[in-house]
Protein chains: 2
Amino acid sequence: MLFRIDAYSTVPIYEQIVSQVIFGVAAGVLRSGELIPSVRELGERVAVHPNTVARAYQELERQGVVTARRGRGMEVTPEAPKLCQTARREILCRRLRETLREAVSSQLSLEEIRRLVEEELARVNGQVK
Amino acid sequence: MLFRIDAYSTVPIYEQIVSQVIFGVAAGVLRSGELIPSVRELGERVAVHPNTVARAYQELERQGVVTARRGRGMEVTPEAPKLCQTARREILCRRLRETLREAVSSQLSLEEIRRLVEEELARVNGQVK
DNA sequence: ACTAGTGTACTAGCTGAATAGTACACATTA
DNA sequence: TAATGTGTACTATTCAGCTAGTACACTAGT
C-alpha cells in the first residue's frame, strides 16, 4: 500500500498518516490480523520521524483500529474494517462539505460545481490505478 | 459579507481570510474600487488579531487583489474580479481533487462518491442563503 | 491643529507540530 | 545467549502561526 505525505498540506503529518491507515483498512488493503508497517519502516518510507509515525499509531490505537503488539508490531483489530468504513465516510463527508460550502457561498452555480466535480473525478480516477 | 473563521481548521487563519476575500470578490460581493474591512475592524469582527488580518491583506496585495491606501484602507483593484474568479476555481479544484483522490484511492465507487457529493450539496445549499 | 480612522512594522511570548537523539522493554529468530 | 526487529517514552530544539503590545506614518474630517 502506498502511503503518501503531502508536506505542503496544512493537515499535520501525523493526521495524514492516521487518515491513510483508516482508508487502507476501509478499502480492504489492510486486513484484520495483519500488521501495519513499523514506525521505523514507515518513517523511512515517507521520510518522517518515527516518533511522528508513532504519534499517528497511538491515535489509531486509541480509536480501536490497531492494537499494539510490543516487540511484534501494530495489528489491525477485528472490528477495524467496520470502524474504518464509518470513519472514512465521515472524513470524506466533512471535507466535501467544507469545500462545497465554499463553492456555494462564493456564488458558483450548482451546475458549475457539478461540472468541476466530474472533471476532478475523471482526472483522479485516471490517476488512481 | 460574512467572514467566518474556523478555529478548528488546520488551514491557518490568515489563509482562510485570504480565501474568503477572493471568494467575495469572485462572487461580486466585494467590487472594484470598494474598500475591504480594515485590519482592526475585521480583526474585531472575527476575533482575530489585527496583525493576523494584516498578514492576509499583505498576501492579497501581493496577488494584486487589493491595493493599500495608507490612511484610507485596502481597495479592491480593477483586475481583482478576473483574478479572483480564476483563483476561486483553482482553490476549489485543488480541494476537490484532494478529497476525491482520497475517496477514489480508498476504493469507494464513483456512484457512492457522486451520492456523497449530492447529499452534501443539498445540505450546504440549504444552509447558504 | 486636532481627532479618529487607516496601514505598517517591530519585539516578545506562547502553543502545536515535527525533528533529533537516546534509551528501555518486549518478541522473535538463529 | 545474542542479534535484530518491534513499540514506548523521554528531553531538547526548531519552526510556523498567532497573539499582545506598542509605535509610527498617512488620510480625511472637523
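Remember, it's a predicted structure, so these values are computed and weren't measured experimentally. Numbered from 1 within each chain, the chains take letters A, B, ... in sequence-line order.
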| field | Partner residues of B/E119 under the side-chain contact (heavy atoms from CB on, under 4.5 Å) criterion, sequence neighbours left out | value | A/R89, B/R115, B/L116
| field | side-chain contact (heavy atoms from CB on, under 4.5 Å) partners of A/Q16, counting only residues at least two apart | value | A/I5, A/D6, A/S9, A/V11, A/Q20
| task | Verify the contact: side-chain N or O of B/Y14 to OP1 or OP2 of D/dG17, cut-off strictly under 4.0 Å; return yes or no. | result | yes
Pairs of donor and acceptor atoms involving the side chains of residues 76-87 of chain B, under 3.5 Å and at least two apart or interchain, shall be tabulated with distances.
{"residue": "B/T77", "atom": "OG1", "partner": "B/G64", "partner atom": "O", "Å": "2.7"}
{"residue": "B/T77", "atom": "OG1", "partner": "B/V65", "partner atom": "O", "Å": "3.2"}
{"residue": "B/T77", "atom": "OG1", "partner": "B/A80", "partner atom": "N", "Å": "3.3"}
{"residue": "B/T86", "atom": "OG1", "partner": "B/K82", "partner atom": "O", "Å": "3.2"}

| Separation of B/E44 atom CD from D/dA20 atom P, in whole Å? | 12 Å
| remark: Taking for B/G73 and for A/V48 the nucleotide of DNA chain C with the nearest heavy atom, the one nearer the 5' end belongs to B/G73
| field | Separation of atom CD1 in A/I13 from atom P in C/dA20, rounded to whole Å | value | 11 Å
Check the interface with nucleotides 27-30 of chain D: list each N/O to N/O pair with the protein under 3.5 Å, or write none.
none

| request: Figure out the CZ/C1' separation between B/R55 and C/dC10, and round it to whole Å. | output: 15 Å
| Which residues within residues 56-64 of chain A lie with some heavy atom under 4.0 Å of an atom in DNA chain C? | none
| request: Calculate the interatomic distance between A/E15 atom CD and C/dA18 atom C1'; express it in whole Å. | output: 14 Å
| said: The criterion is salt bridge (charged side-chain N to carboxylate O under 4.0 Å, His left out); which residues satisfy it with B/R69, sequence neighbours excluded? | reply: B/E75
| request: Would you kindly give the CG-to-P distance between A/L42 and C/dT19, to the nearest whole Å? | output: 12 Å
| request: Starting from C1' on C/dC26, measure out to CG on A/L35 and report it in whole angstrom. | output: 14 Å
| query | Quick one: is B/S38 getting a side-chain N or O under 4.0 Å of the C/dT6 phosphate, OP1 or OP2? | reply | yes
Distances under 3.5 Å only, N/O to N/O: pair up the protein atoms with those of nucleotides 21-23 of chain D.
{"residue": "D/dG21", "atom": "O6", "partner": "B/N51", "partner atom": "ND2", "Å": "2.6"}

| note | With sequence neighbours left out, the residues meeting side-chain contact (heavy atoms from CB on, under 4.5 Å) with A/E120 are A/R123, B/C93, B/L96, B/R97, B/L100
| request: Please assess A/R40 against A/E44 for the test salt bridge (Lys or Arg N to Asp or Glu O under 4.0 Å), listing each intermediate value before the final yes or no. | output: CA-CA 6 Å; A/R40 288 176 182 82; A/E44 279 195 43; over 6 Å; no
| task | Can you sort out the partners of B/A56 under side-chain contact (heavy atoms from CB on, under 4.5 Å), two or more places apart, ordered by chain and number? | result | B/Y14, B/I17, B/V18
| Residue list, salt bridge (charged side-chain N to carboxylate O under 4.0 Å, His left out) with B/E98, at least two apart or on another chain | none
| Who pairs with A/E15 by salt bridge (charged side-chain N to carboxylate O under 4.0 Å, His left out), at least two apart in sequence or on another chain? | none
| Can you name the residues that form a salt bridge (charged side-chain N to carboxylate O under 4.0 Å, His left out) with B/E61, not counting sequence neighbours? | none
| query | Think B/T52 has a side-chain N or O under 4.0 angstrom from the OP1 or OP2 of D/dT19? | reply | yes
| request: Give a yes or no on whether the backbone of A/E102 and the side-chain of A/S106 come within a donor-acceptor separation of less than 3.5 Å. | output: yes
